[in-house]
Amino acid sequence: MTLNLPKLINEFPLLKKLIKLQEISWFNPNITSLKDGLPYVGLDDHDIKAASDRLKRFAPYLAKVFPETAATNGIIESDVVSIPKMKAKLEQEYDTIIQGQLMLKKDSHLPISGSIKARGGIYEVLTHAEKLAIKAGLLQESDDYSKLDTDEFRRFFNGYSIAVGSTGNLGLSIGIMSAQLGFSVSVHMSADARQWKKDKLRSHGVNVVEYQQDYGVAVEQGRKEAESDANCFFIDDENSQTLFLGYAVAGERLKQQFDDMDIKVDQQHPLFVYLPCGVGGGPGGVAFGLKMAFGDNVHCIFAEPTHSPCMLLGVHTGLQDAISVQDIGIDNITAADGLAVGRASGFVGRAMQRLLDGYYTLSDQRMYRYLGDMNQLENIQLEPSALAGVIGPIIVTQNKEYKERLGFDDAKMNNATHLVWATGGGMVPQKEMASYLAKSAL
Ligand SMILES: *Cc1c(COP(=O)(O)O)cnc(C)c1O
């Protein structure tokens, strides 16, 4: 599209700082209650329930073929842990008391693929497989799905293919799951994708196609491949409601975990959740699930690299997926490969913008610094993208306007839970982690 940049900057002065790659935050003045925002999502708790039930049907199969899920009976879920040393470090570094408690959601350590994509990506492959098998008369919802682990099913699925474009982790999830079921699968990887992720996929028999360009190009090529083959299913990270619902199941799961841990969330005990954002499906779907589970008492804030602030840009200008960071001269080059997306999902932006409290950007350098801190202080190893949420509690605490507008007085803030969503890193090879840690010390 042709963009009148001076005019746009005039209308949205915040873009000046965005273009200069400064770290900024924007707390949406137009947020609404869940009741008023929900109609724009176009999905509801029945859809989440259906996704949750589907994952339960597949649980016996997953427990069988991925032994690392046996302990949870085939349910793919991660722990929530307290990170008090990280909290103390942040408070000291920014000379700011973080009222309430600081916790970490370890999607970084989800089984099978070690990132948040083990929610949406795997769910969408399972949904597709179930649909095909039921249509062919091979499967009924009441069956024990561990029967999918047979040569008969693998031969059946081998007649179909799956394609996806990815910066790395989505490809990893979809590739591993699809190959396990027997599908022939192609993953179109952007230039940001780490070599070890490509190697790992190839070791699973996945066809990895590499690009010198960014995520947008990888997705387009994946889409093209699928269009030329009627038996090929394209997983559309930019628009898929199925992926979105796979992520959304996290809401009810977290609610259960908080209940088990005696962590209260209500009007007097607000929950702030800090979610790293790439194209938006992961954090958007999780935020949707959280809203459905905790209502107006959960407050979701998206975090993006200064070099890839696509969701902030799309929502703030109202242009959604009609604008990319490249359109305003930002390069979309970041060490946070999971977040290296130049154009946000229009579906997620339009669906969720009324239900998200805010957005902020942070530098790669800051993500690396927290990567080192998290390793040293909490002995938790994460990939750079997964650290984007760490600064969130400081940003909220220091934002008087936002807290006053939402009525967060000291009493409420002292009861608050701040949850940083750690989105990846559990499968990073030791050598790669050592190089991350070396960079964090610079
Ligand atoms: C994909 C990813 C995200 C963001 O998810 P999107 O759906 O792209 O917004 C965040 N962190 C990591 C590690 C990821 O792989």
Side-chain angles (χ1 to χ4, degrees), residues 1-32 36-37 39-42 167 190-192 213-220 223 236-239 275-281 283-284 287 300-334 336 339-364 366 388 391-392 395-396 398-402 405-406:
M1 71 176 233
T2 50
L3 192 77
N4 184 339
L5 193 54
K7 184 164 167 269
L8 197 69
I9 292 173
N10 199 31
E11 195 177 347
F12 302 103
L14 192 63
L15 296 191
K16 268 185 233 161
K17 290 183 177 169
L18 209 61
I19 291 166
K20 283 192 201 147
L21 305 174
Q22 291 176 9
E23 296 182 321
I24 58 163
S25 63
W26 176 59
F27 283 72
N28 187 356
N30 300 317
I31 52 167
T32 63
D36 291 337
Y40 296 92
V41 183
T167 62
S190 64
D192 325 275
Q213 295 100 329
D214 83 348
Y215 166 86
V217 172
V219 170
E220 247 357 275
R223 202 189 300 273
D236 187 350
D237 194 17
E238 291 171 321
N239 297 294
L275 294 148
C277 178
V279 72
C300 299
I301 292 128
F302 281 13
E304 295 177 295
T306 49
H307 284 256
S308 310
C310 63
M311 188 61 82
L312 196 165
L313 176 65
V315 172
H316 183 69
T317 59
L319 291 172
Q320 306 292 355
D321 55 349
I323 191 168
S324 71
V325 302
Q326 288 93 342
D327 289 340
I328 62 168
I330 298 179
D331 60 9
N332 188 30
I333 293 177
T334 167
L339 313 180
V341 176
R343 188 186 301 277
S345 160
F347 155 59
V348 172
R350 280 183 278 268
M352 292 301 295
Q353 58 186 344
R354 293 163 196 81
L355 299 175
L356 302 173
D357 284 43
Y359 310 77
Y360 65 83
T361 63
L362 80 170
S363 69
D364 283 13
R366 201 180 293 279
I391 184 74
I395 291 174
V396 161
Q398 293 181 345
N399 191 329
K400 270 200 174 139
E401 180 278 327
Y402 166 65
R405 178 156 55 87
L406 274 85

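In this structure the side chain of Leu312 never reaches within 4.5 angstrom of the side chain of Phe302, judged on heavy atoms. A heavy-atom distance below 4.5 Å is found between the side chains of Met352 and Val41. Under the 4.5 Å side-chain criterion, counting only non-hydrogen atoms from C-beta, Ile323 is in contact with Ile328. Residues Ile330 and Thr306 fail the side-chain proximity criterion, which asks for heavy atoms closer than 4.5 Å. Within the 4.5 Å cutoff, no side-chain heavy atoms of Leu406 are placed close to those of Glu401. For the pair Ile24 and Tyr360, the minimum side-chain heavy-atom distance is 4.5 Å or more. Within the 4.5 Å cutoff, the side chain of Ile301 has heavy atoms near those of the Val396 side chain. Residues Val325 and Pro309 are in side-chain contact: their nearest non-hydrogen atoms beyond the backbone lie under 4.5 Å apart.
Every residue meeting the salt bridge (Lys or Arg N to Asp or Glu O under 4.0 Å) condition with Glu23, not counting sequence neighbours, appears here in chain and number order: Arg366. Not counting sequence neighbours, the partners of Asp36 by the side-chain contact (heavy atoms from CB on, under 4.5 Å) test are Thr32, Ser33. The side-chain contact (heavy atoms from CB on, under 4.5 Å) search around Ala344 returns Cys310, Met311, not counting sequence neighbours. A search for ring-ring contact (aromatic ring centres under 6.0 Å, His included) contacts involving His307 returns nothing, not counting sequence neighbours. In this structure Arg223 satisfies the salt bridge (Lys or Arg N to Asp or Glu O under 4.0 Å) test together with Glu220, Asp236, Glu238, sequence neighbours excluded. Asp364 pairs by the salt bridge (Lys or Arg N to Asp or Glu O under 4.0 Å) definition with nothing, not counting sequence neighbours. Under the side chain to side chain donor-acceptor pair (under 3.5 Å) criterion, Asn10 pairs with no residue, sequence neighbours left out. With sequence neighbours left out, the salt bridge (Lys or Arg N to Asp or Glu O under 4.0 Å) criterion links Asp357 to no other residue. Applying the side-chain contact (heavy atoms from CB on, under 4.5 Å) criterion to Lys16, with sequence neighbours excluded, gives Ile9. Remark: Asp192 engages Thr167, Ser190, Asp337, Ala340 in a side-chain contact (heavy atoms from CB on, under 4.5 Å) (not counting sequence neighbours). Contacts of Glu11 classified as side chain to side chain donor-acceptor pair (under 3.5 Å), with partners at least two apart in sequence or in another chain: none.
With Tyr40 as the aromatic partner, Arg350 does not meet the cation-pi criteria of under 6.0 angstrom to the ring centre and within 45 degrees of the ring axis.
Pairs of residues two or more places apart, or lying in two chains, never qualify as salt bridge (charged side-chain N to carboxylate O under 4.0 Å, His left out) while including a residue from residues 304-313.
None of Leu3, Leu313, Asp327 except one satisfies the side chain to side chain contact (heavy atoms under 4.5 Å, CB included) rule with Leu319; the exception is Leu3.
Listed for the Ser308 side chain is no donor-acceptor partner under 3.5 Å among the backbone atoms of Gly342. Asn332 places a side-chain N or O within donor-acceptor distance of the main-chain N or O of Val341, the cut-off being under 3.5 Å.
One distance of note links CG of Asp214 with CD of Gln326; it measures 5.5 Å at 0.5 Å rounding. Taking OG of Ser25 as the reference point, atom CG of Leu362 lies at 11.5 Å (rounded to 0.5 Å).
For the residue pair Asn30 and Gln353, no side-chain donor N or O sits within less than 3.5 Å of a side-chain acceptor on the partner.
Counting all heavy atoms, side chain and backbone alike, Leu275 lies closest to Cys300 at CD1-CB, 4.2 Å. Contact detail for Gly280 and Cys277: the closest heavy-atom pair is CA-SG, 3.7 Å.
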Pair Tyr215-Asp237, side-chain contact (heavy atoms from CB on, under 4.5 Å): steps then yes or no: CA-CA 10 Å; Tyr215 166 86; Asp237 194 17; 2.9 Å; yes

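Using a 30° and 60° split on the angle between ring planes, Tyr359 and Trp26 fall in the parallel class, below 30°.
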